[in-house]
Amino acid sequence: MLRHIAAALMALALVSATPAAAASPRLAPAVDREVVFTADGTTVYGTLHVPEHRTGKRLRAALLLPGSGPTDRDGNQPPVTTPNTLAHLADALGEDGVATLRFDKYGTGRTGLGAYEGRPEDLDYPAFVRQAQAAYETLRDQPETDPRALTVVGHSEGAMTALLLGGTAHPRPAGLALLQPQAIRMLDLVALQLKDQVAEATRQGQFTRKEQRAINAAVDAAVTSLREGRPVDTTDLPQVIAALFEAFQGPSARFVESDDAVYPPDTAAALRPGTRVLLTCGTNDVQIPCSTTDALTTALRQAHAGKPGRVVLPGVDHLLHDADHPDTLAPSVLDALSRFARH
């Protein structure tokens, strides 16, 4: 009996002496933190989302980049367009244990025009790339992130910016997610979109076939004039299209010229071989048809980019929705992103 008691006391002493070994790792709760950084003399405001994680663990992390226009850190252009694209992406990646940084780019949210206040005509596309570069470095330097496991996730025009960062950022990103990317020159994409809209209007009887051909020719001529620095002749253009090309010659002229100068397939060569790349296109995306990503897909393959490569998303539109999920990310988007994040 005494031997049994002594053995029991010894076992109890061993358990009591090693409580740390039996204890579960301490978890830090998920948190959203306001982050402030500087780009070209402008104070930029953003949100760092840190998912629940083991205390002291360095996390995989992704920089989120929005599409064109005045799109804020959540992926919105309030009050008209509020799909919360980037906020949804941050939530989805957080579920996979990935920290994210998203920010108010120039002209939006708390950032505003910053150093370009009063002179928006000086704001060109490279300024947005430098702003994204500063955001990437800020994400890299956060205490919770692993600088060896950084990715860049860009939507639409933001995907083109992500591609540029992929070849220049330090350290080079381990992966890029190019979601419905601007994959051809800007004015070529605009011309394609306008011609598709005119074709639909013609099918509805708003234009004759002859008028459609004249408008298409005028669009092509307008693109050529912009690229050659000549005034655009809007005589044969419908008023709404004429207004668009007139705006391209106004305060946004410098941005349009510098954005149009980038041919995304050419930038793929600068990627580090083996960089994981996800490129998505949706079959219901009228802004970025899958066919516009063909040349970029080929260029990524020639640059020896890693998998998964291009993923076609049936029924998905430009805002990453489908018919059954008009206000949230489509399940096929979530699946592609999760597979990419977990690789």
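What you see is a predicted model, and the numbers here were worked out from it, not measured in a lab. Quick note: residue numbers are just sequence positions, from 1.
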Measure from the side-chain N and O atoms of [X] to the backbone N and O of [Y], and report whether any donor-acceptor pair falls under 3.5 Å.
{"X": "R140", "Y": "L150", "value": "no"}
{"X": "T297", "Y": "T293", "value": "yes"}
{"X": "E200", "Y": "D196", "value": "no"}
{"X": "H325", "Y": "A330", "value": "no"}
{"X": "T42", "Y": "A115", "value": "yes"}
{"X": "T111", "Y": "D104", "value": "yes"}
{"X": "T283", "Y": "G315", "value": "yes"}
{"X": "T55", "Y": "R26", "value": "yes"}
{"X": "R58", "Y": "T145", "value": "yes"}
{"X": "T208", "Y": "E211", "value": "yes"}

How far apart are the closest heavy atoms of [X] and [Y], and which atoms are they?
{"X": "N76", "Y": "P83", "value": "OD1-N, 3.1 Å"}
{"X": "R73", "Y": "R102", "value": "O-CD, 2.9 Å"}
{"X": "D259", "Y": "Q182", "value": "OD1-NE2, 2.9 Å"}
{"X": "Y136", "Y": "H170", "value": "CE2-O, 3.9 Å"}
{"X": "T108", "Y": "T71", "value": "CG2-N, 3.5 Å"}
{"X": "V262", "Y": "R185", "value": "O-CG, 3.7 Å"}

Checking side-chain polar atoms at under 3.5 Å, does [X] have a donor or acceptor matched by the opposite partner on [Y]?
{"X": "D32", "Y": "T47", "result": "no"}
{"X": "Q206", "Y": "Q204", "result": "yes"}
{"X": "Q193", "Y": "Q197", "result": "no"}

Going through the checks in order, is the side chain to side chain contact (heavy atoms under 4.5 Å, CB included) test met by F207 and I215? CA-CA 10 Å; F207 301 118; I215 293 170; 3.8 Å; yes

Using a 4.5 Å cut-off on heavy atoms from C-beta on, say whether the side chain of [Y] contacts that of [X].
{"X": "F245", "Y": "V223", "value": "yes"}
{"X": "D322", "Y": "N284", "value": "no"}
{"X": "D260", "Y": "Y125", "value": "no"}

Which of T85, T292, T280, D317 passes side chain to side chain donor-acceptor pair (under 3.5 Å) with Q180? It is T280

[X] atom [atom1], over 12 foreign heavy atoms within 6.0 Å:
{"X": "E228", "atom1": "CD", "value": "yes"}
{"X": "R339", "atom1": "CZ", "value": "no"}
{"X": "Q212", "atom1": "CD", "value": "yes"}
{"X": "R148", "atom1": "CZ", "value": "no"}

Atom pair [atom1]/[atom2] of [X] and [Y] - distance to nearest 0.5 Å:
{"X": "F340", "Y": "L279", "atom1": "CZ", "atom2": "CG", "answer": "11.0 Å"}
{"X": "D188", "Y": "Y263", "atom1": "CG", "atom2": "OH", "answer": "8.5 Å"}
{"X": "D40", "Y": "F128", "atom1": "CG", "atom2": "CZ", "answer": "11.0 Å"}
{"X": "L313", "Y": "D335", "atom1": "CG", "atom2": "CG", "answer": "9.5 Å"}

With Q302 via side-chain contact (heavy atoms from CB on, under 4.5 Å) - residues at least two apart: T298

Pairing residues for T235 by the side-chain contact (heavy atoms from CB on, under 4.5 Å) criterion, not counting sequence neighbours: D233

Besides V36, the hydrophobic cluster formed by Ile, Leu, Val, Met, Phe, Trp and Tyr side chains linked at under 4.5 Å, directly or via other members, contains Y45

Which atom pairs, donor and acceptor, lie under 3.5 Å between side-chain atoms of residues 62-69 and protein residues at least two apart or in another chain?
none

Under the side chain to side chain contact (heavy atoms under 4.5 Å, CB included) rule, what do E257 and D124 come out as? Steps first, then yes or no, please. CA-CA 8 Å; E257 179 183 6; D124 58 9; over 6 Å; no

Would a hydrophobic clustering, with Ile, Leu, Val, Met, Phe, Trp and Tyr connected at side-chain separations under 4.5 Å, put V256 with V219? yes

Ion pair check, R110 and D72, cut-off under 4.0 Å: no

So that I can tick it off, tell me whether K195 and D220 are bridged by a salt bridge, with the cut-off set at under 4.0 angstrom between side-chain N and carboxylate O. yes

Could you list all the side-chain hydrogen bond (donor to acceptor under 3.5 Å, both in side chains) pairs where at least one residue sits in residues 242-256, not counting sequence neighbours? none

Mind checking side-chain hydrogen bond (donor to acceptor under 3.5 Å, both in side chains) for R172 and listing every partner two or more places apart, or none if nothing turns up? none

Parallel under 30°, tilted from 30 to 60°, perpendicular over 60°: which one fits the rings of H318 and H155? tilted

